[in-house]
Structures are given as structure tokens and as C-alpha cells.
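Please read all numbers here as calculations on a predicted model, not as lab measurements. Within every chain, numbering begins at 1; the chains are lettered A, B, ... in the order of the sequence lines, protein sequences first and strands thereafter.
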Amino acid sequence: MGDVVTQLSLLLVSAVFVNNFVLARFLGVCPFLGVSKKVETATGMSMAVVFVMTLASVATWLVQKFILIPYEIEYLQTIAFILIIASLVQFVEMVIQKVSPVLYQSLGIFLPLITTNCAVLGVAIINIQKDYTFLSTTVHGFGASLGFALALVLFAGLRERLDLADIPRSFQGVAITLITAGLLSLSFMGFSGLVK
Amino acid sequence: MAEATEKGFRLLTRGLIKDNPTFRMVLGICSTLAVSNRMTNSLAMSLGTTFVIVSSSLSVSLLRNYIPKRVRMAVYTVIIATFVVCVDLYLKAFYPLISKQIGPYVGLIITNCIIMGRCESFASGNKPGPSILDGLGVGMGYSFSLILISAIREPLGFGTMMGYQVLGSWWTPWILMVMPPGAFLVLGLYIWVLRTIYPEKK
């Protein structure tokens, strides 16, 4: 029992820091650059992503195990997963709208964007490729999304400061943003020895 | 006729520099950053993505009058996914090594926003001919940027090019270049250079 707990917590730490989805695996870079202008929107997006990514990990794992493998149609994996994610996002949107209009107000605009977030599909595919068990899948999905959230919020904080800095004109915008992302990624490499 | 040819040519070359999807519009950079550490991976990814862009543009353009507006995104996704699966299976069957190296990113072509963008903004309102050219142009622009980036990252990081040694033994591999930070830095520098040469029109 203790072994399982250690293993899972290692997996969580490695998903958040060492194999950070945005900075080490380049998954979800589009929203990472797109919605990181303000800390506030970044936080909203992060919450939505944590929610959807964890659910999507669980849902896709179940579908792979109980539908795709028994019927030997694994080659439909990509199509099946993207459809699951799309419908999951739609479903989550409806539920939140009904249950908590306040939460919907703050997450609402981010939810449709998540369908095209490659981090969600990425985590699903990686879970299957690494042959994770159900528990590991859940933990990995949650950890990966936490890592995404951490990177996004940190980065938004940096960008808010960048707005005030005096930057050469041709360097403004995307160029300086990417260089900053590079530096952030560099600092995250410091975690690489933490978990094997 | 001459006018039509010229128009076609413009569609084809527009994506290379002026509307380059990676450098100019900063779309679909997840895969750009991830696979550009080796030239062979870049080439495989470029061909795969270009194939998917062209075929899905063509399909969307052919079906454009039959797709209900309300569910068009879902329809596009399914069309794109179909072609992505083709590419994935092809790579697995004929180039297992490359398929292994690129790993999950082949499947992730599906979420490459360039493709969805072309389907939505061009193919859904144009005839098949121009749609193919447009898709090909954008695909070439994407490939061009991938090749440019890996042309810097692979020699500096491994001292090789397409797997062949190009820098002598005096060169100490600059590992950082093939690690994630290198990708961000190189792409950032390219965008900087490009925006200096071709300033953005306000």
C-alpha cells in the first residue's frame, strides 16, 4: 500500500515539475501564449483546464479499456478521443451553467477553447502509451493539468511585468514572449533531477 | 488565364513568408517546438501535416454546401482526424523509428490550429481548386519554418544534420538547443529577425 502511495506521489510531482506539459513537452503552448496576458484570465483558464483534463484522462482511459481494446478498434483512438473530449467539454459547460452560474461566468468563455488544447488530447494519448493503470491515469491527468496551470499563471505574472518594460519595437509581442517562455522553461529544467 | 495562374501562385506563396503560419500568425507551434530538434523528424512532420491540411481543405471545400453551419466544427474535426489516422498508420507501418521519436505528436496534428483555421477561414467558402492551393501554401509555410528551426537546433545540439556529422569533433554539443528551452529561444529569435526585416503593418 505504501508503495502505491509513494509511486503515485512521485508521478504527481514529476507531472507537475519535471515533465511539465507546457515547458518540457510543448503541449498546450497555444493557450499558454494566447490567454497569458493577464493573471486573472490565466487563473480562469487554468481552473477550467484542470477540471477538463482530469475528467478527460479518466474518460478516455475507460473508453480505451472497455470499448476500443475489446472490439480491436484501437486505430480509431485519435478520432474517438477527440470526440470524447469535445463532448465532454460541451457536457461540462452545460453542467456548470446549470449548477453554478457564477462559476460559469468566470469559466464560460474558456471552455470551448479547451477542445483545441492539445494538452488534453496529449495527456490522454500519453496515458495509453505509458500503459498507466486507472489510478495512475487519474493522478497523471491531474498532475499534468496542475503543471499547466502553474506554468500559465507564472507566465501571466511575468507578462504583466513585461508590459511595463521598455522593449525594442521589433522585439515586442510574440518574440519577447517566446524568449521569456524559453527562460522559464530553462528554470524548470532545474527540476529535472528531482524524479527519475 | 494568366490572371488565374497569378492568383493561384499568390495563394501558394503567401504562406511562405508573408502569412507564415508559424512565424507570423504563431499558430500550431506546439508541434513545431516539439519535433524540430532533428531534421528527419521535422521533415516527417512537415509532410504529414501538409498532407492533412491539403486533404482536409479539399474535403471541406467539396462538402462545404452540405455541412450544416451549426455542427461544422465537429464535422471538420472528424474529417481532420480521419486523415491524421492515415498519417499515423502510414508512419507506424513504414517508418517505425520516426513514428517512435515523434511519438504522440503525430496524433496531435489533429489539434494543430493551422488546419482548423484553413478549413474554417478558407476552404469553407471557396472552390476545391483554390482550397488545395491555399492548403498547400500554408503547409509549405509550416514546413519551411520547421526546417529553418531544426537547421539551427540539430547542428548546434547534436553536431549532426539529418543524422550525418556536419560539425567536427571540436564541437561540444550544445545540449540546451535540443532541450525544450532551445526551441522557445530559437523560435523567438526567428520571429524577432523576421519582424525586423518585414515590419508588421499597422
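- When the shell of 6.0 Å around CD of A/Gln129 is examined, it contains more than 12 heavy atoms from other residues, nucleotides or ligands.
- Interface remark: B/Leu189 contributes backbone and side-chain atoms alike to the contact with chain A (heavy atom separation under 4.5 Å).
- Looking at B/Leu33, both its backbone and its side chain come within 4.5 Å of chain A, counting heavy atoms on both sides.
- Counting non-hydrogen atoms of neighbouring residues, nucleotides and ligands closer than 6.0 angstrom, the CH2 atom of A/Trp61 exceeds 12 such neighbours.
- Across B/Pro181 and A/Met189, no two heavy atoms sit closer than the pair CG-SD, 3.3 Å.
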Side-chain donor-acceptor pairs of residues 176-186 of chain A under 3.5 Å, sequence neighbours excluded:
residue, atom, partner, partner atom, Å
A/Thr177, OG1, A/Gly173, O, 2.6
A/Thr180, OG1, A/Ile176, O, 2.5
A/Ser185, OG, A/Leu23, O, 3.2

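- Looking only at heavy-atom pairs under 4.5 Å with chain B, the residue among A/Val120, A/Leu27, A/Val22 that has the most is A/Leu27.
- Every residue two or more places apart in sequence or in another chain that forms a side-chain contact (heavy atoms from CB on, under 4.5 Å) with B/Thr49 is listed here: B/Met45, B/Ile53, B/Ile109, B/Asn112, B/Ile115, B/Tyr142.
- Within residues 72-89 of chain A, the residues that have a heavy atom under 4.5 Å from a heavy atom of chain B are A/Tyr75, A/Thr78, A/Ile79, A/Ile82, A/Leu83, listed by number.
- Residues A/Phe26 and B/Tyr105 place their aromatic rings such that the two centres sit no closer than 6.0 Å.
- At a heavy-atom cut-off of under 4.5 Å, chain B is reached by no residue from residues 138-164 of chain A.
- Residue B/Leu187 touches chain A through both its backbone and its side chain, counting heavy-atom pairs closer than 4.5 Å.
- The structure places CG of A/Leu121 at 5.0 Å from CG of B/Leu108, a figure rounded to the nearest 0.5 Å.
- With a 4.5 angstrom heavy-atom cutoff, B/Thr82 touches chain A via backbone and side-chain atoms both.
- For A/Ile128, no part lies under 4.5 angstrom from a heavy atom of chain B.
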